[in-house]
Amino acid sequence: MAQISLTFPDGNAREFDAGVTPAEVASSISKSLGKKAISATVNGAHFDLQWPINEDASIAIHTLQDDDQALELIRHDLAHVMARAVQAIWPDVKVTIGPVRDYGWFYDFDREEPFTPEDLGVIEAKMKEIINAREPVTTEVWDRARAIKHYEDANEPFKVELIDRIPEGEDLRMYWHGDWQDLCRGPHLQTTGQLPADAFKLTHVAGAYWLGDATRPMLQRIYGVAFKNRKDLKAHMTMLEEAAKRDHRKLGREMDLFHMQEEAPGQIFWHPNGWRIYTTLQDYMRRMQERDGYVEVNTPQVVDRQLWEASGHWDKYQENMFIVEVDEEHAREKAINALKPMNCPCHVQVFNQGLKSYRDLPLRMAEFGSCNRYEPSGALHGIMRVRGFTQDDAHIFCAEQDIEAETKKFIEFLSAIYKDLGFEKFAVKFSDRPETRAGEDDVWDKAESALKSATEAAGYDFDLNPGEGAFYGPKLEFVLTDAIGRDWQCGTLQVDFVLPERLDATYIGADGDKHRPVMLHRAVLGSFERFIGILIESNAGKLPFWIAPRQVVVASIVSDADDFVHEVVNTLRAAGVRAEADTRNEKINYKVREHSLSKVPVILAVGMKEVEDRTVTMRRLGQKQTAVETLEAVAETLAVEATPPDLR
RNA sequence: GCUGCUGUAGCUCAGAGGUAGAGCACUCCCUUGGUAAGGGAGAGGUCGAGAGUUCAAUUCUCUCCAGCAGCACCA
């Protein structure tokens with residue numbers, strides 16, 4: 001038999017018969033490793049212990065001590081064990097797919113009756129039974145015909161479809177957990193006995209379309225989380241509880257920032273505190289944009305359908321637009337309008353007024369543009385996904401050769417702002433050409449490479465979203481994360497070759513001829529609404545002082561101090577600090593607790609001692625210790641903190 | 001939009017086929033208290049909306065609306 005050489009992580013190599021399995025390799029090292037092994041990395045690939053190795057390779061044997069591999073296998077095997085448990089309880093449930101995801105896995109089932117929350121407990125119990133039976137996991141490669149026949153006989157149509165979708169020539173691998181069988185890429189554990197019976201939990205059920213396609217049947221997805229041990233599971237559950245406390249919807253209520261109500265789904269009633277955040281951010285953005293060479297405009301909300309037809313929105317976006325028809329009885333003319341879902345067509349109208357010269361480019365046209373989109377009801381989420389919102393939008397009209405420089409300039413602009421707002425790190429996603437698109441391939445080539453090299457030049461890595469670009473051009477997305485790890489696109493930059501064409505934007509070049517500008521659609525915050533949601537969650541409500549709507553509460557300890565309290569408030573207000581008095585007939589403990597819960601960054605306590613010394617006792621949010629300072633010193637310190645970072 | 005769940009006082013929630021309860025918040029009174037809840041009293045609800053079943057519905061059924069989780073969507 002042919003020999004192969006396997007190299008271990010310590011650099012030593014040993015000869016084995018070709019076709020040796022990692023399980024045999026592990027056992028040859030020691031009996032205990034043979035038992036403890038869960039999988040191997042062979043030439044960089046994650047290998048099942050049962051797969052044969054046929055060529056010289058590097059090999060590392062994994063045990064449950066290896067976090068990455070162990071967690072992946074635990075979660076993956078639990079997906080199978082869960083499917084097995086479900087079919088053991090309800091034999092006519094059809095199985096589909098069950099991948100590993102963050103913290104756990106899910107598995108999609110086809111079943112008439114919905115799973116109930118009570119069912120989850122029943123399934124969990126069955127899973128523990130299966131785990132404790134400690135049955136071996138085995139695998140075989142089958143040929144296509146046999147696998148299809150098998151699943152047709154078993155009445156598992158989804159599996160048959162899956163096999164049809166696996167490219168010819170790729171191995172079809174079958175796995176058995178005990179006598180329960182599933183089509184699976186692997187790898188898997190040696191036995192279900194390697195699973196921690198006390199470190200997983202089924203969390204929730206939800207619908208999910210088969211193959212992610214809304215035209216296909218909706219399946220029932222059961223989610224689970226799993227860890228290596230009970231302690232990690234518990235830590236995860238605690239983390240989720242903590243994250244729930246940062247939910248902007250909860251904090252928005254507690255901090256009295258905004259509310260929403262049935263009569264205006266997906267729209268926000270901003271309260272004074274919330275609107276303070278909004279205007280503070282808007283003022284800041286306006287200063288930053290002016291400094292970076294933007295001009296600000298403002299355009300109509302209600303626009304005739306003709307413009308939307310010309311721009312292409314009527315065709316491609318109508319479902320998401322609020323259409324406004326004037327009651328015929330009162331209409332002098334029969335016009336159909338739409339609330340603008342985007343600002344771009346209006347900006348082209350501004351651009352088109354008067355002749356533009358190449359000397360006018362790049363023209364950076366900004367608008368705090370109020371948009372309304374009829375978002376699907378299921379997509380609405382607090383103030384992060386709404387039907388009425390305002391973008392910090394701008395369109396940069398430029399020549400093709402300016403794309404790279406403008407992109408780089410924009411990324412630097414965005415990252416400076418994100419830094420000011422406390423987001424040092426953010427993800428960048430790059431989406432390239434989709435299947436159906438407008439524009440020639442060589443133009444796409446140029447645009448894509450310009451975006452990529454500008455991103456790299458600005459010093460950012462990006463994830464590629466192949467084929468996810470807009471039909472009119474490639475795009476960059478700047479993604480921030482909410483309290484429980486959901487991603488939200490905030491900033492964006494999109495190259496657009498199409499709209500200038502459709503709306504006939506032109507400029508006169510140095511050669512005296514008409515040319516077509518390129519439009520860069522870009523936003524930094526994305527929308528104020530979403531960004532404020534993220535800002536609240538990432539700070540757990542403890543906003544930076546300059547953004548905090550209520551910055552200082554001056555609280556009296558005894559009512560004889562009330563006069564000085566008002567003097568302190570007035571002094572702070574004169575220094576540009578948002579201060580208010582709390583002279584209610586309550587104990588200082590009560591006041592401290594209440595204002596701390598509503599996230600006021602600074603509480604200044606004033607008793608008779610302070611009145612005599614003209615001092616205040618300062619307590620910062622989240623800190624227990626206090627500091628006595630003179631009124632003048634506090635006003636000076638807080639005035640600096642209240643100043644937006646760009647004005648310091 | 002789809003699947004499932006939820007909707008009772010400002011908030012968090014309990015409750016039952018016979019027209020409702022708690023804690024906190026709110027108002028008033030007492031209390032002037034030194035850094036996360038001082039004491040007492042009071043007020044507050046068309047039980048999401050509509051229809052049906054029933055002697056009787058907030059409770060059961062249906063429809064609608066909204067919210068939550070996930071999926072799809074996010075040009």
Side-chain angles (χ1 to χ4, degrees), chain A residues 101 106 108 111 113-117 119 203-223 244 247 249-250 253-254 256 259-266 311-313 315-321 341-342 344 373-382 384-386 434 436 468-473 475 477 484 486-489 492 494 496 498-499 521 526-527 530 555-562 583-598 603-610 617-628:
Chain A
R101 63 193 290 269
F106 63 76
D108 289 347
R111 179 186 180 221
E113 288 275 293
F115 291 110
T116 65
D119 290 340
T203 54
H204 57 288
V205 196
Y209 296 109
W210 169 233
L211 299 174
D213 182 343
T215 64
R216 306 297 303 272
M218 180 157 275
L219 307 170
Q220 296 189 59
R221 176 172 295 179
I222 302 179
Y223 286 88
D247 190 310
R249 294 164 297 191
K250 180 177 157 71
R253 203 165 35 238
E254 289 170 359
D256 194 14
H259 85 272
M260 303 174 90
Q261 64 187 49
E262 280 196 22
E263 290 84 347
S311 70
H313 288 83
D315 224 27
K316 301 217 187 250
Y317 204 67
Q318 198 182 147
E319 277 191 358
N320 288 288
M321 300 195 342
M342 300 176 205
C344 26
R373 298 180 187 174
Y374 187 77
E375 297 284 2
S377 57
L380 302 177
H381 179 86
M384 307 261 237
R385 181 90 182 259
V386 287
T436 49
E468 293 291 307
F471 74 93
Y472 51 67
K475 67 178 177 184
E477 293 174 29
I484 64 167
R486 288 178 290 215
D487 282 348
W488 294 92
Q489 180 200 304
T492 183
Q494 306 176 11
D496 185 356
V498 173
L499 202 59
H521 306 243
S527 81
R530 174 175 295 178
S556 58
I557 294 170
V558 292
S559 49
D560 284 346
D562 288 0
T583 54
R584 290 174 306 167
N585 174 19
E586 297 292 351
K587 295 200 174 187
I588 192 67
N589 292 308
Y590 183 94
K591 295 181 184 181
V592 165
R593 176 182 147 83
E594 187 179 281
H595 298 125
S596 297
L597 285 174
S598 59
I603 298 170
L604 300 179
V606 172
M608 288 322 287
K609 208 150 41 102
E610 287 79 3
T617 301
M618 177 157 75
R619 176 186 169 122
R620 293 204 183 248
L621 182 58
Q623 295 179 7
K624 270 223 142 68
Q625 73 272 29
T626 55
V628 180

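Keep in mind that the numbers below use all heavy atoms, side chains included, and drop hydrogens, waters and symmetry copies. Order of the sequence lines sets the chain letters (A, B, ...), proteins ahead of strands, with each chain counted from 1.
Within the nucleic acid shown, A/A605 comes within 4.0 Å of at least one base atom, counting heavy atoms only. Within 4.0 Å (heavy atoms only), A/M618 reaches no atom of the nucleic acid at all. Residue A/K591 is out of contact with every strand shown, counting any heavy-atom pair closer than 4.0 Å. The residue A/G212 sits close only to the backbone: its heavy atoms come under 4.0 Å of sugar-phosphate atoms, none of a base. Within 4.0 Å (heavy atoms only), A/L219 reaches no atom of the nucleic acid at all. If you check every strand for non-hydrogen atoms under 4.0 Å, A/Y590 touches sugar and phosphate atoms only. In this structure, A/T617 reaches the bases: a heavy-atom distance under 4.0 Å links it to at least one base atom across the strands shown. Nucleic acid contact for A/P376: base, since at least one base atom lies under 4.0 Å from a heavy atom of the residue. When heavy atoms are screened at a 4.0 angstrom cut-off, A/R619 is found touching base atoms of the nucleic acid. Within 4.0 Å (heavy atoms only), A/Q318 reaches no atom of the nucleic acid at all. Contact annotation for A/F106: no contact, since no heavy-atom pair falls under 4.0 Å across all strands. Within the 4.0 angstrom heavy-atom criterion, no nucleotide atom of any strand lies near A/F115. Among the atoms of the strands shown, only primed sugar atoms or phosphate atoms (P, OP1, OP2) are found under 4.0 Å from some heavy atom of A/K475.
With C1' as the reference atom, B/U12 and B/G67 are 16 Å apart, rounded to whole Å. Distance check on atom C1': B/U8 versus B/G21 gives 10 Å, rounded to whole Å. Here the separation of B/C28 from B/G18, taken at their P atoms, is 38 Å to the nearest Å. B/G42 sits 38 Å from B/C68 when the P atoms are compared, rounded to a whole Å. Here, B/G17 and B/U58 have their P atoms 14 Å apart, quoted to the whole Å. Rounded to whole Å, the separation between the P atoms of B/U6 and B/C13 comes to 14 Å. For B/G10 and B/A43, the C1' atoms lie 13 Å apart once the distance is rounded to whole Å. Nucleotides B/A22 and B/G44 place their C1' atoms 14 Å apart, quoted to the nearest Å.
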Intra- and interstrand pairs of RNA chain B - dot-bracket, Watson-Crick/G-U under 3.5 Å, | marks other strand:
(((((((..((((....[..)))).(((((.......))))).....(((((..]....))))))))))))....

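Protein atom CG of A/D213 is 16 Å distant from nucleotide atom P of B/U3, rounded to whole Å. Between the CG atom of A/L211 and the C1' atom of B/C2 there is a distance of 16 Å, rounded to whole Å.
Counted within 6.0 Å of CD on A/E319, heavy atoms from surrounding residues, nucleotides or ligands total 12 or fewer; the atom is thus considered open.
Taking 4.5 Å as the limit, some side-chain heavy atom of A/W488 sits within range of a side-chain heavy atom of A/H381. Annotation: side chain of A/K591 is not in contact with side chain of A/I603 (no heavy-atom distance under 4.5 Å).
Judged by distance alone, with hydrogens and angles left aside, A/R530 brings no side-chain donor or acceptor close enough to the base of B/C74 to form a pair under 3.5 Å. Remark: the A/Y209 side chain and the B/G1 base include a donor-acceptor N/O pair separated by less than 3.5 Å. For B/U32, its base sits under 3.5 Å from the side chain of A/S559 at one donor and acceptor pair at least.
When every heavy atom of A/T583 is checked against every heavy atom of A/S556, the shortest pair comes out as CA-OG, 3.3 Å. For the pair A/R385 and A/A379, the tightest heavy-atom approach, listed with the atom from each and the gap, is CG-O, 3.0 Å.
When the side-chain nitrogen and oxygen atoms of A/R216 are compared with OP1 and OP2 of B/C71, none of them lie within a distance under 4.0 Å.
Considering only side-chain atoms of A/I588, the nucleotide from B/C73, B/U35, B/A36 that sits closest is B/U35.
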What string of B, S and - do you get for nucleotides 62-69 of chain B 5' to 3' if you count protein non-hydrogen atoms under 4.0 Å?
---SSSSS

